[in-house]
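Report on one structure; see the data block that follows.
Excluded from the calculations below are hydrogen atoms, water molecules and symmetry mates; all remaining heavy atoms, backbone and side chain alike, are included.
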Amino acid sequence: MTQETGGFAALDLNPNIVAAVLATGYEEPSAIQQQSIPIILAGHDMIGQAQTGTGKTAAFALPILNKIDVSKREPQALILAPTRELALQVATAFETYAKQMPGVNVVAVYGGAPMGPQLRAIRNGAQIVVATPGRLCDHLRRDEKVLSTVQYLVLDEADEMLKLGFMDDLEVIFDAIPASRQTVLFSATLPSSIRSIAERHLREPKHVKIQSKTQTVTAIDQAHLMVHADQKIPAVLRLLEVEEFDALIAFVRTKQATLDLAAALEAKGYKAAALNGDIAQNQRERVIDSLKDGRLDIVVATDVAARGLDVPRITHVFNVDMPYDPESYVHRIGRTGRAGREGRALLLVTPRERRMLQVIERVTGQKVAEARLPNAQAVLDARIKKLTASLAPLVAEAEATHGELFDRLTADLGCSARALASALLRKATNGQALDLPSVEREQPLVPSFAPRGERTERGERSDRGGDRERRAPMPLAEGRVRCRTALGARDGIAAKNLLGAILNEGGLARDAIGRIQVRDSFSLIELPEDGLERLLTKLKDTRVAGKQLKLRRYRED
Ligand code: ADP
Ligand code: MG
């Protein structure tokens, strides 16, 4: 173990839990974890307010795992989440954190799946139940005693649950759990409806609010790009083609991510290395020295590992994974623009992280402009520019040393000067794509999203552009398929209507739905392949703008 592991180890958690957390690659607790875990461990009710992506799941999951009695095979903790997707995420997180605690059973309970197996899993000894409120109430109607042993109740994303109309279900659930329970409520916002729930159902709750102080940012050129989580590496590779950087630091959240990105960069020929808490201190110093003197150009680091890193050569900071809070954003981007030099900071934002971007903008008092991924033409231009720059100094002097050889070779080969120069270029560029069709083939467009503030949902706008690259079929993110409906703009359909219908009637999480393209006489929607049949069955009778949706899988080519 390295010295930074003190963070989790100092929290008074069972060593098996700490070990599992460190094994997943977390290096230290986030702010909400640091503050909530001791309160929950001490048995207090709690209200936690923090944005998406601040690490709320572990903030309640770790202390709850610490509290449950593994030898008792009955429900002890109930976590309520707004959607099936979030319930599954939370259940998976619990399983990860409980990897080294044999005998812990977690069951996820949500609509759209048969009830029998869920009820059996609960009765067969699950200590932790993660549920959406609607489906849980269905179970309560069949067996009102099913929650009678629960001692810990968590409402995750309480504001979202209320927005989805689960208020009445929550009241039913509160009533079905012993009053002696400990209750913890997490929410990004605390509207009066949530406060009133807390007044009625929580006992002297402690408040934890992860609030951000205003920060000042020096002269750093900042931009953000919207990307899907699984497209981050291709997006980084593409950005590096056009960004003129000297040294660059890329921030990610986990050890594994440092290794993955550093490997992808090395494979493309960059002088890159990973920096994380697993790497011994002396080795870390060597990496930083290499970045200082140019043996390395890119370091991929976690926040912890990059602590104290001060390298004046750094011209760029890439925030590949979102920082936990605005302070850490400001801290990260402060690694560039040192000593009065210009610096540039890019932030990759996935759809569910939009709110964090807004918080960063509010706290820093600056707008972080939206940038677009460079298209194939821009990549090509950048490559030719680099090639030109590398040849320029040679053109002035190589003729004196190699001119005669050139004449001899043209004569021997019986070819034109242009033919020979072309052959030499091909050799010198070593297979690199240097014409537009080749670059396009090599770099499929990374799907991105419509800029904020657009009326339409999800990428609709990006199809109206005229350039050729945007017209090419968009590659699908892994695990997604395209579905088609015969409803389109001429039926008065907008992307947000389709999104709303699928969210409401399909029970999907927002992030599960990819791009929606509304054309005149039809629309295409990207949906998860997993569970598609069931989803389409559920949407069988759905109507949008008064017309039947009739969604079908769409097979291109
Ligand atoms: P929230 O519920 O606040 O939106 P999550 O609990 O879903 O946030 O966590 C967001 C992401 O951060 C997840 O991918 C999670 O694995 C990761 N994460 C959480 N805590 C840590 C930590 N201490 N160190 C590194 N990554 C973490
Ligand atoms: Mg969450």
Side-chain angles (χ1 to χ4, degrees), residues 1-5 7 22 25-28 218 220-222 232-323 328-348 382-383 385-387 389-390 393 428-430 432:
M1 274 197 229
T2 55
Q3 65 205 56
E4 288 82 7
T5 58
L22 297 178
Y26 298 3
E27 295 192 328
E28 56 165 21
T218 43
I220 298 166
D221 173 21
Q222 301 170 59
K232 284 184 178 179
I233 290 183
V236 169
L237 293 176
R238 190 172 267 243
L239 286 165
L240 287 176
E241 294 262 2
V242 302
E243 292 290 332
E244 290 176 20
F245 65 96
D246 190 4
L248 180 150
I249 179 159
F251 283 99
V252 294
R253 280 198 171 181
T254 64
K255 291 168 193 167
Q256 191 56 48
T258 64
L259 301 175
D260 292 346
L261 181 55
L265 293 170
E266 281 193 294
K268 286 279 174 195
Y270 293 105
K271 294 184 281 176
L275 199 64
N276 63 50
D278 268 357
I279 296 170
Q281 188 57 36
N282 57 352
Q283 172 64 19
R284 269 194 252 175
E285 276 157 22
R286 240 174 293 154
V287 168
I288 293 169
D289 286 343
S290 302
L291 189 66
K292 279 186 184 151
D293 65 26
R295 277 172 295 157
L296 285 175
D297 291 328
I298 304 179
V299 164
V300 186
T302 55
D303 291 290
V304 175
R307 209 166 267 167
L309 185 152
D310 183 5
V311 177
R313 266 186 78 218
I314 294 176
T315 53
H316 283 62
V317 171
F318 275 18
N319 292 288
V320 178
D321 289 337
M322 187 60 98
S328 122
Y329 173 78
V330 171
H331 197 72
R332 284 178 177 188
I333 68 172
R335 301 317 166 95
T336 184
R338 292 271 161 131
R341 296 189 211 192
E342 264 180 41
R344 180 156 158 84
L346 293 178
L347 173 67
L348 300 189
R383 286 183 182 178
K385 193 171 162 196
K386 272 185 206 143
L387 180 62
S390 71
T429 54
N430 201 14
Q432 192 182 34

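- Inter-residue side-chain proximity for Leu348 and Leu346 is flagged as unmet; no heavy-atom pair is nearer than 4.5 Å.
- Partner Phe318 forms a side-chain contact (heavy atoms from CB on, under 4.5 Å) with one of Leu347, Val300, Ile249, Leu240 and no other, that one being Leu240.
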What pairs of donor and acceptor atoms, side-chain ones from residues 258-265 against any protein atom, are under 3.5 angstrom apart with sequence neighbours left out?
| residue | atom | partner | partner atom | Å |
| --- | --- | --- | --- | --- |
| Thr258 | OG1 | Lys255 | O | 2.5 |
| Thr258 | OG1 | Asn276 | ND2 | 3.0 |
| Asp260 | OD1 | Gln256 | NE2 | 2.9 |

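- At a threshold of 4.5 Å between non-hydrogen side-chain atoms, the residues Thr302 and Phe251 do not count as touching.
- Between Phe245 and His316, the ring-plane angle classifies as perpendicular under the 30° and 60° cut-offs.
- Contacts of Asn282 classified as side-chain contact (heavy atoms from CB on, under 4.5 Å), with partners at least two apart in sequence or in another chain: Ala280, Arg286.
- Considering every non-hydrogen atom in both Val287 and Ala274, the closest pair reads CG2-O, 4.4 Å.
- One N or O on the side chain of Glu27 and one on the backbone of Gly277 form a donor-acceptor pair closer than 3.5 Å.
- Checking side-chain atoms of Asp321 against main-chain N and O of Arg253 turns up a donor-acceptor pair under 3.5 Å.
- Within the 4.5 Å cutoff, the side chain of Leu248 has no heavy atoms near those of the Ile314 side chain.
- Contact check for Lys292 versus Arg313: no side-chain heavy atoms found under the 4.5 Å cut-off.
- Applying the side-chain contact (heavy atoms from CB on, under 4.5 Å) criterion to Lys386, with sequence neighbours excluded, gives no partner residue.
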